[in-house]
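Presented below is the structure to which this report refers.
Letters A, B, ... are given to chains in the order of the sequence lines, protein chains preceding strands, and every chain is numbered from 1.
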Number of protein chains: 2
Amino acid sequence: MNDLAFRVIGAAHEVEGRLEGALGTIGLSLAKLNVLKALADTDEPLPLSHLADRCCCVRSNITQLVDRLEADRLVERLPDPADRRSVRAALTPAGRERHAEAVRLVGETEREVFAGLGEEDRQALTRLLGRLGS
Amino acid sequence: MNDLAFRVIGAAHEVEGRLEGALGTIGLSLAKLNVLKALADTDEPLPLSHLADRCCCVRSNITQLVDRLEADRLVERLPDPADRRSVRAALTPAGRERHAEAVRLVGETEREVFAGLGEEDRQALTRLLGRLGS
DNA sequence: GATGTATGATTCACCCATGAACGATCTCGC
DNA sequence: GCGAGATCGTTCATGGGTGAATCATACATC
């Protein structure tokens, strides 16, 4: 009954820690993966504003993430000839590769983390989480 | 089944957001509240290292948090005559008060967030979360 | 008592996130 | 065509988190 909020937060923190740990071994983080995922999903260069929308974060955050991803040579900035205000982010081949590795790693880690739960438990958990915040 | 990890993280993010929003109205944050709680629970000045242990974070983080809480006049640093390396953090009267307000606010918010779940659901959620990460 | 090691807190560099302010550019309405 | 206002990305200040390095102090051992 009590402190359920902190239990949810604590559990998520644990899961996040596991994922960050796994991704750290290939030089990524959840934040970076999130950007790579958005780019891999649409499979074409995305204006940074669109990227911010898909990542559910503010534009200034994307600026910094793309800075770091560009330094990692996983993403590059392309000018948009049609709108000179706009900058589009594109996956490099290395970025596409790294994203694939990351997806594999995350899947593995997820399986480990939820190994203690059967299929029914997982559905129950999903359902319960979906009913929070009304 | 799929993406359950991200569902857990997302739900926790939502809950965190609600709590941060509520605490923001009285100039606090979850991080600050966490420190106040540790001090209120033991009810005596705590060396910053112990505080770091109880808050499950590194010492450098506590240094910064106590800096801000001291600026807010909610906490003060006391020298330890028995060990001149040590600095103890103590709640000010204002800190004690603010902590009480915060606890009330968090309780309210928690009730709102989990209003959609009955007692059985809450127990089920607690149980499921407890089985993560084995 | 001197020396060497462990420990306490701080500082620094980094990562991630937000919001405000800004300069450049686009677009709409006149 | 031009001016007003919207939009794009960046920068800056702030808050929260980590780990490495540093300095003072404590302590153990000789």
Presence of [X] side-chain N/O under 4.0 Å of [N] phosphate oxygens OP1/OP2:
X: B/S49; N: C/dT7; result: no
X: A/R77; N: D/dT10; result: yes
X: B/R84; N: D/dT25; result: yes

Could you check whether [X] gets within reach of a base, just the sugar-phosphate, or nothing at all, counting any heavy atom under 4.0 Å?
X: A/R88; answer: nothing
X: A/L30; answer: nothing
X: B/R59; answer: base
X: A/L65; answer: sugar-phosphate

_What I want to find out is whether A/R96 reaches A/D43 closely enough, with some N-O distance under 4.0 Å, to be called a salt bridge._
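A/D43 and A/R96: salt-bridged.
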
Given [options], the nucleotide with the shortest approach to the side chain of [X]:
X: A/R85; options: C/dC16, C/dC26, D/dG15; value: C/dC26
X: A/N61; options: D/dG9, C/dC16, D/dA20; value: C/dC16
X: B/S86; options: C/dA9, D/dA24, C/dT25; value: C/dA9
X: B/T63; options: C/dA6, C/dC16, C/dT11; value: C/dT11
X: B/S29; options: C/dC16, D/dA6, D/dG16; value: D/dG16
X: A/S60; options: C/dT18, C/dA9, D/dG19; value: C/dT18

Integer-rounded Å distance: [N] [atom2] and [X] [atom1]:
X: A/D83; N: C/dG23; atom1: CG; atom2: P; result: 19 Å
X: B/E16; N: C/dT18; atom1: CD; atom2: P; result: 12 Å
X: A/L51; N: D/dT7; atom1: CG; atom2: C1'; result: 17 Å
X: B/L48; N: C/dT11; atom1: CG; atom2: C1'; result: 14 Å
X: B/R68; N: D/dA13; atom1: CZ; atom2: C1'; result: 13 Å
X: B/L28; N: D/dG15; atom1: CG; atom2: P; result: 13 Å
X: A/Q64; N: D/dT10; atom1: CD; atom2: P; result: 11 Å

*asked:* Is there a path of hydrophobic side-chain contacts, each under 4.5 Å between heavy atoms of I/L/V/M/F/W/Y residues, joining B/V66 to B/L78?
replied: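 B/L78 and B/V66: separate clusters.
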
*Starting at the 5' end of DNA chain C and moving along, which residue's nearest nucleotide shows up first, A/P81 or A/V58?*
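Here A/V58 is the residue nearer the 5' end.
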
